[in-house]
A.B. asks: 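Next up is a structure, given as structure tokens.
Position 1 is the first residue of the sequence, and the numbers go up from there.
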Amino acid sequence: LPEGSALELLRGAGTAHEKTELYIVKSYDRVMGTCSTEAYTWKDGGSTGSTRASKSFILKVEDPESVLAPVFWLAGDPMAAASEAVSRHEAETKRLQCIAEAEKTANEWVMGLKQGALVWFGEKRPEIKSVHSYSPEDGTYNLKKTGASVGSSAQIVACDHVRPCLREAEDLAQALREREEAHEAELRRLDAARIANGATETAFRSHGGFLGLPPGQIVQLIGEGIWRRPSGDHNGRGKVMAYHPLQRTYDIMVEAMPTLQSISSHSAHLLSNVRLRDLRPLFFESEDPDAALKAMLQQSEDERERLKVAQEWSDKMKGATLNLPADTLVTLSTDSEDAVYTVFSYTPIFQTYQLDRRVAAGNKDVRAFGNSLSPLSPASPAASVVPFIWESKDPAAEAQRALDAHAQETQRLAAVEFCKGRLPKEPLALPRGLPVTLLRTVTPVATTWQPPPTGLWGRLESIRSSLNPFKVAKGCAAGERAFIKSYGGDGTYTLGILQTESDRRAWLDLVGETGCMKDAATQGLRSALGVPASAFLPMLGAAAKPEELLEKIFRDHEAEVARLAEVDRLNDQAGDDFLDLPVNTRVSLGKGKGEGIVTRYLPSAGAYIVRVGHESALQTVLASQVRVQFHGADSEQVFASLQPRHDAEGAPLA
């Protein structure tokens with residue numbers, strides 16, 4: 001019926017509950033034989049006005065429990081509307097009769113229906129359902145209601161229990177021809193799959209199993225593998241999830257077998273490390289089973305050769321553990337689980353790795369830095385890392401890459417040791433960001449002012465702490481590592497102390513070209529002021545070219561020695577008291593006391609008010625304790641500008 005037609009529905013005819021309802025046709029489904037309607041309600045019990053309800057209904061045209069008939073009360077030309085309705089009904093009836101005849105012809109062509117194909121299912125009152133999936137090895141279809149999702153309504157049925165539905169076909173002759181061809185092609189493919197499955201038994205006896213099966217390959221558990229089935233009545237079939245070449249095993253995903261009535265409650269099980277001899281491949285789902293079998297046999301043979309190469313190179317590369325490139329697969333000799341990791345980064349100064357642990361099922365990766373993110377307590381030292389080339393497509397090339405990286409790093413470490421023995425004693429003017437090892441305890445600067453303890457217990461705790469000679473601030477003890485924050489110009493340094501886990505990640509900011517930390521990274525570290533060069537030992541292990549770093553250290557050290565000699569000469573020439581220094585003159589307060597900036601001269605006392613180091617407080621310092629910091633080649637000119645001020649100030653004092 002066309003859109004807008006009226007339908008009268010008589011429910012419970014001949015009973016006390018007989019009821020007539022009026023509907024307006026919205027659309028007609030040519031496949032399902034249903035119409036979508038809107039209910040029509042008379043106003044005021046039968047007046048001329050009417051209204052449509054917003055609810056829609058699906059009405060079956062051939063419903064034995066009700067009588068459905070077109071009515072023409074609302075048509076502008078009832079006779080013309082009735083004639084059109086009869087004509088359309090006869091045409092549709094003829095179309096459905098032709099389809100029914102064609103479906104009788106295709107009644108036995110039930111194999112190889114694709115996902116989404118429509119079928120008839122049911123004996124007494126057949127219903128149209130949709131194919132959700134096809135299981136060729138079982139000869140079954142997974143059916144669902146048209147337009148519904150797979151769930152409680154889904155059913156597993158044998159292929160010969162359904163009939164093709166051709167109501168969607170525009171050309172019945174072509175649809176019949178295609179259905180017959182698809183059916184025959186599927187029968188031939190299944191015969192080829194059975195032959196290929198039989199051939200795997202012969203190949204299995206010859207080779208003892210198949211290597212390198214790809215993920216998704218259907219397999220059958222055999223031998224001792226049948227004891228790993230989820231249940232005793234399980235068919236033993238599953239899919240390859242992962243292949244482990246070193247162990248020659250597979251991870252297999254098997255599903256609990258659904259019944260032929262419902263699949264709503266089946267679940268999956270992962271079987272880990274199934275041996276080669278406990279499974280064989282099946283080819284029921286292969287488009288060309290014969291070609292798939294040949295390719296699998298060739299793949300297995302190629303994999304055997306690849307594993308021979310991997311074994312040969314694994315023996316050659318034992319001990320190649322240093323400077324492995326990022327994304328290299330490795331195992332840990334200390335790991336009892338035989339897990340496979342991916343190199344995330346290498347810390348050359350400690351020869352340690354940050355690793356990503358790989359999850360076996362599905363070959364997905366998750367970040368796992370062992371027990372700690374801190375390279376000071378590494379979870380994976382290089383000595384415990386073993387390169388894993390068993391999954392590489394070219395094991396020889398991967399092994400050679402690791403050997404070359406190890407040889408290069410070994411050469412670099414030898415150069416580091418050579419340069420460490422040639423460092424100047426108590427080196428001066430070390431570059432900012434250079435890592436050092438403390439040789440004795442240092443004292444950090446307080447970050448904030450703390451009020452004195454109050455109360456009895458607070459004072460007792462303060463006394464106890466002051467009397468403990470062994471209590472050392474975290475990160476400040478001998479043997480700890482630190483960074484150069486700045487050089488004081490008087491043979492002392494300001495060091496950056498590593499006290500928190502966040503601080504210790506600063507090792508990841510080391511730059512290989514310079515062997516030093518990035519400038520910005522040192523600023524957030526807590527400081528220890530006035531540390532002499534004798535209190536620490538420079539670390540060259542992060543430098544990509546330690547010879548160049550040593551050369552720079554020597555060059556800067558010699559230049560600083562010459563500068564300090566010039567400073568001493570100029571200060572000796574100026575005498576013990578350098579008077580009337582201008583504001584902002586940089587001065588040294590003596591060895592180990594740091595340096596500062598002159599903020600004011602006190603002529604009556606012969607002293608200065610100086611802002612020392614990073615402290616905000618000012619200090620009053622006698623002129624006899626101040627030495628001017630002369631820098632660069634213009635020291636003579638700076639001295640010449642300061643000398644007249646000193647002489648002019650000194651004459652009246654004398």
A.B. asks: Do Asp138 and Arg237 sit within salt-bridge range, that is, some charged N less than 4.0 Å from a carboxylate O?
C.D. replies: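 Looking at Arg237 together with Asp138, the answer is yes, because their closest N to O distance falls below 4.0 Å.
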A.B. asks: Ignoring hydrogens and angles, state whether a donor on the side chain of Thr342 or Asp356 is under 3.5 Å from an acceptor on the partner side chain.
C.D. replies: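 Looking only at side-chain atoms, Asp356 and Thr342 do not form any donor-acceptor pair under 3.5 Å.
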A.B. asks: Give a yes or no on whether the backbone of Trp390 and the side-chain of Arg306 come within a donor-acceptor separation of less than 3.5 Å.
C.D. replies: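 Such a contact is found between Arg306 side chain and Trp390 backbone.
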A.B. asks: Once you round to the nearest 0.5 Å, how far does CD of Glu137 lie from CG of Leu282?
C.D. replies: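 CG of Leu282 is found 7.5 Å from CD of Glu137.
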A.B. asks: Do Pro70 and Leu1 come close enough that some side-chain heavy atom pair is under 4.5 Å?
C.D. replies: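 Yes. Closest side-chain heavy atoms under 4.5 Å.
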A.B. asks: Looking at Thr321 and His406, what are the two nearest heavy atoms and their distance?
C.D. replies: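 Scanning both residues completely, I find the closest heavy atoms to be N-ND1, 3.2 Å.
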A.B. asks: What closest approach, in Å, do Thr140 and Cys159 show between heavy atoms, and which atom pair accounts for it?
C.D. replies: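 For Thr140 and Cys159, the tightest heavy-atom pair comes out as N-SG, 3.5 Å.
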A.B. asks: Should Val254 and Pro230 count as side-chain neighbours, where that means a heavy-atom distance under 4.5 Å?
C.D. replies: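 Contact flag for Val254/Pro230 side chains = yes.
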A.B. asks: Under 3.5 Å, is there a donor on one side chain and an acceptor on the other for Glu101 and Gln97?
C.D. replies: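 Gln97 and Glu101 do not have a side-chain donor-acceptor pair below 3.5 Å.
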A.B. asks: Is there a donor-acceptor pair closer than 3.5 Å between any side-chain N or O of His132 and the backbone N or O of Asn142?
C.D. replies: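 It does not hold such a pair.
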A.B. asks: Looking at Ser333 and Ser384, would you say the former's side chain and the latter's main chain have a donor-acceptor pair under 3.5 Å?
C.D. replies: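 The answer is yes, because a donor-acceptor pair under 3.5 Å joins these two groups.
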A.B. asks: Any side-chain heavy atom of Val385 sitting closer than 4.5 Å to one from Leu332?
C.D. replies: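 They are in side-chain contact.
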A.B. asks: Checking Tyr353 side chain against Leu324 main chain: does a donor-acceptor pair fall under 3.5 Å?
C.D. replies: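 A pair under 3.5 Å: yes.
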A.B. asks: I need the Ile195 CD1 to Asp290 CG distance, nearest 0.5 Å.
C.D. replies: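 Answer rounded to 0.5 Å: 8.5 Å.
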A.B. asks: Which distance, rounded to the nearest 0.5 Å, do you find between the CZ of Arg30 and the CG of Leu96?
C.D. replies: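 Between Arg30 CZ and Leu96 CG, I get 8.0 Å after rounding to 0.5 Å.
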A.B. asks: Would you give the length of the straight line joining atom CG of Leu271 to atom CG of Asp251, rounded to the nearest 0.5 angstrom?
C.D. replies: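 Interatomic distance, Leu271 CG to Asp251 CG, rounded to 0.5 Å: 9.0 Å.
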A.B. asks: State whether the side chain of His234 and the backbone N or O of Arg229 hold a donor-acceptor pair below 3.5 Å, judged by distance alone.
C.D. replies: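 A pair under 3.5 Å: no.
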A.B. asks: Using the salt bridge (charged side-chain N to carboxylate O under 4.0 Å, His left out) rule, take Glu312 and Lys308 through it: C-alpha gap first, then chi angles, then the decisive distance, then the call.
C.D. replies: CA-CA 6 Å; Glu312 177 184 353; Lys308 289 180 182 178; over 6 Å; no
A.B. asks: Do other residues, nucleotides or ligands put more than 12 heavy atoms under 6.0 Å from Glu287 CD?
C.D. replies: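 Atom CD in Glu287 is not crowded, with 12 or fewer foreign heavy atoms closer than 6.0 Å.
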A.B. asks: Leu213 and Leu279: side-chain contact (heavy atoms from CB on, under 4.5 Å), yes or no, with the steps?
C.D. replies: CA-CA 11 Å; Leu213 295 179; Leu279 58 84; 4.0 Å; yes
A.B. asks: Kindly say whether Pro348 contributes a backbone atom to a donor-acceptor pair with the side chain of Gln351 at under 3.5 angstrom?
C.D. replies: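 Indeed, once roles are kept as given, a pair shorter than 3.5 Å links the two residues.
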A.B. asks: With sequence neighbours excluded, tell me which residues meet salt bridge (Lys or Arg N to Asp or Glu O under 4.0 Å) with Arg248.
C.D. replies: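 Applying salt bridge (Lys or Arg N to Asp or Glu O under 4.0 Å) to Arg248 gives none.
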A.B. asks: Assess the residue pair Asp404 and Gln400 against the criterion (side-chain hydrogen bond (donor to acceptor under 3.5 Å, both in side chains)); give the C-alpha distance rounded to whole Å, side-chain angles, the decisive distance to 0.1 Å, and a yes or no.
C.D. replies: CA-CA 6 Å; Asp404 292 343; Gln400 190 61 54; 2.9 Å; yes
A.B. asks: Given side-chain contact (heavy atoms from CB on, under 4.5 Å), test Leu7 with Val25 step by step and report yes or no.
C.D. replies: CA-CA 7 Å; Leu7 283 172; Val25 173; 3.6 Å; yes
A.B. asks: Around atom NZ of Lys294, are there more than 12 heavy atoms from other residues, nucleotides or ligands closer than 6.0 Å?
C.D. replies: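 Counting other residues, nucleotides and ligands, NZ of Lys294 stays at 12 neighbours or fewer.
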A.B. asks: Quick test of your reading of the model: are Arg275 and Asp278 salt-bridged, counting only N-O distances below 4.0 Å?
C.D. replies: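 Yes.
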A.B. asks: A side-chain contact here means heavy atoms from C-beta on lying under 4.5 Å apart; do Leu190 and Phe284 qualify?
C.D. replies: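 With C-beta onward as the side chain, the pair touches.
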A.B. asks: Taking atom types as modelled and ignoring hydrogens, do the side chains of Glu285 and Tyr134 form a donor-acceptor contact shorter than 3.5 angstrom?
C.D. replies: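 No, no side-chain donor-acceptor contact under 3.5 Å.
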A.B. asks: Return yes if a side-chain donor-acceptor contact under 3.5 Å exists between Glu409 and Tyr346, otherwise no.
C.D. replies: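 Yes, a side-chain donor-acceptor pair sits under 3.5 Å.
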A.B. asks: Do the side chains of Pro2 and Arg88 get nearer than 4.5 Å, heavy atoms only?
C.D. replies: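 The answer is yes, as the side chains (C-beta and beyond) meet within the 4.5 Å cut-off.
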A.B. asks: Using every non-hydrogen atom in the two residues, find where Ile218 and Lys239 come nearest and quote the distance to one decimal.
C.D. replies: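 Where Ile218 meets Lys239 most closely, the heavy atoms are CD1-CG, 3.4 Å.
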A.B. asks: Any chance the side chains of Arg280 and Thr200 put a donor and an acceptor closer than 3.5 Å?
C.D. replies: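 Thr200 and Arg280 do have a side-chain donor-acceptor pair below 3.5 Å.
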A.B. asks: Using a 4.5 Å cut-off on heavy atoms from C-beta on, say whether the side chain of Pro325 contacts that of Arg401.
C.D. replies: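 Yes. Closest side-chain heavy atoms under 4.5 Å.
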A.B. asks: In terms of side-chain heavy atoms, does Trp120 have a donor or acceptor partner in Glu103 at a distance below 3.5 Å?
C.D. replies: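 Short answer, yes.
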A.B. asks: Give a yes or no on whether Asp327 atom CG has more than 12 heavy-atom contacts from other residues, nucleotides or ligands under 6.0 Å away.
C.D. replies: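 It does not: Asp327 CG has 12 such atoms or fewer within range.
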A.B. asks: Look only at the side chain of Tyr250 and the backbone of Gly212, and say whether a donor-acceptor pair between them is shorter than 3.5 Å.
C.D. replies: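 Indeed, once roles are kept as given, a pair shorter than 3.5 Å links the two residues.
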A.B. asks: Does the side chain of Ser392 pick up a donor-acceptor pair with the side chain of Asp394 at under 3.5 Å?
C.D. replies: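 The answer is no; no qualifying pair exists.
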A.B. asks: Between Leu176 and Ala106, which heavy-atom pair has the shortest distance, and what is it?
C.D. replies: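 Closest approach of Leu176 to Ala106, heavy atoms only: CD2-CB, 3.7 Å.
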A.B. asks: Looking at CD of Glu303 and CD of Glu301, how far apart are the two atoms once the value is rounded to the nearest 0.5 Å?
C.D. replies: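 Glu303 CD to Glu301 CD: 11.0 Å, rounded to 0.5 Å.
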A.B. asks: Would you tell me whether Glu92 and Tyr28 have side-chain atoms, one donor and one acceptor, within less than 3.5 Å of each other?
C.D. replies: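 Present: a donor and an acceptor within the cut-off.
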A.B. asks: Would you say the side chain of Glu38 lies within less than 4.5 Å of the side chain of Lys26, judging by non-hydrogen atoms?
C.D. replies: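 Lys26 reaches Glu38 side chain to side chain.
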A.B. asks: Could you go through the side-chain contact (heavy atoms from CB on, under 4.5 Å) check for Ile252 and Met241 one step at a time?
C.D. replies: CA-CA 6 Å; Ile252 305 299; Met241 297 300 295; over 6 Å; no
A.B. asks: Is the side chain of Ser300 donor-acceptor paired with the backbone N or O of Leu211 at a distance under 3.5 Å, no angle test?
C.D. replies: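 Yes; judged by distance alone, with no hydrogens or angles, the pair exists.
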A.B. asks: Is Tyr141 close to Ile156 at the side-chain level, that is, under 4.5 Å between some pair of heavy atoms?
C.D. replies: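 No - every pair of side-chain heavy atoms lies 4.5 Å or more apart.
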A.B. asks: Using side-chain contact (heavy atoms from CB on, under 4.5 Å), reason through Ile222 and Arg277 one step at a time and then give a plain yes or no.
C.D. replies: CA-CA 8 Å; Ile222 60 175; Arg277 64 172 181 262; over 6 Å; no
A.B. asks: The test is salt bridge (charged side-chain N to carboxylate O under 4.0 Å, His left out); show your working for Asp191 and Arg194 and say whether it passes.
C.D. replies: CA-CA 5 Å; Asp191 289 339; Arg194 295 186 186 96; 3.1 Å; yes
A.B. asks: Ignoring hydrogens and geometry beyond distance, is a side-chain donor-acceptor pair present between Gln298 and Asp302 at under 3.5 Å?
C.D. replies: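 Judged by distance alone, the side chains do pair up.
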A.B. asks: For Leu322 and Ala382, work out which heavy atoms get closest and say how close.
C.D. replies: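 The answer is CD2-CB, 3.7 Å.
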A.B. asks: Please say whether more than 12 non-hydrogen atoms of neighbouring residues, nucleotides or ligands are located less than 6.0 Å from CD in Gln408.
C.D. replies: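 Not more than 12 within 6.0 Å, no.
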A.B. asks: If you take all heavy atoms of Pro387 and Val330, which pair is closest and at what distance?
C.D. replies: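 Residues Pro387 and Val330, closest heavy atoms: CA-CG1, 4.1 Å.
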A.B. asks: Should Glu180 and Arg177 count as an ion pair when the cut-off is N to O under 4.0 Å?
C.D. replies: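 Here Glu180 does not pair with Arg177 in a salt bridge, since their nearest N and O are not under 4.0 Å apart.
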A.B. asks: Output the distance between atom CG (Leu297) and atom CZ (Phe210), rounded to the nearest 0.5 Å.
C.D. replies: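 The distance works out to 5.0 Å.
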A.B. asks: Does Arg179 reach the main-chain N or O of Trp109 with its side chain, forming a donor-acceptor pair under 3.5 Å?
C.D. replies: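 Answer holds: yes.
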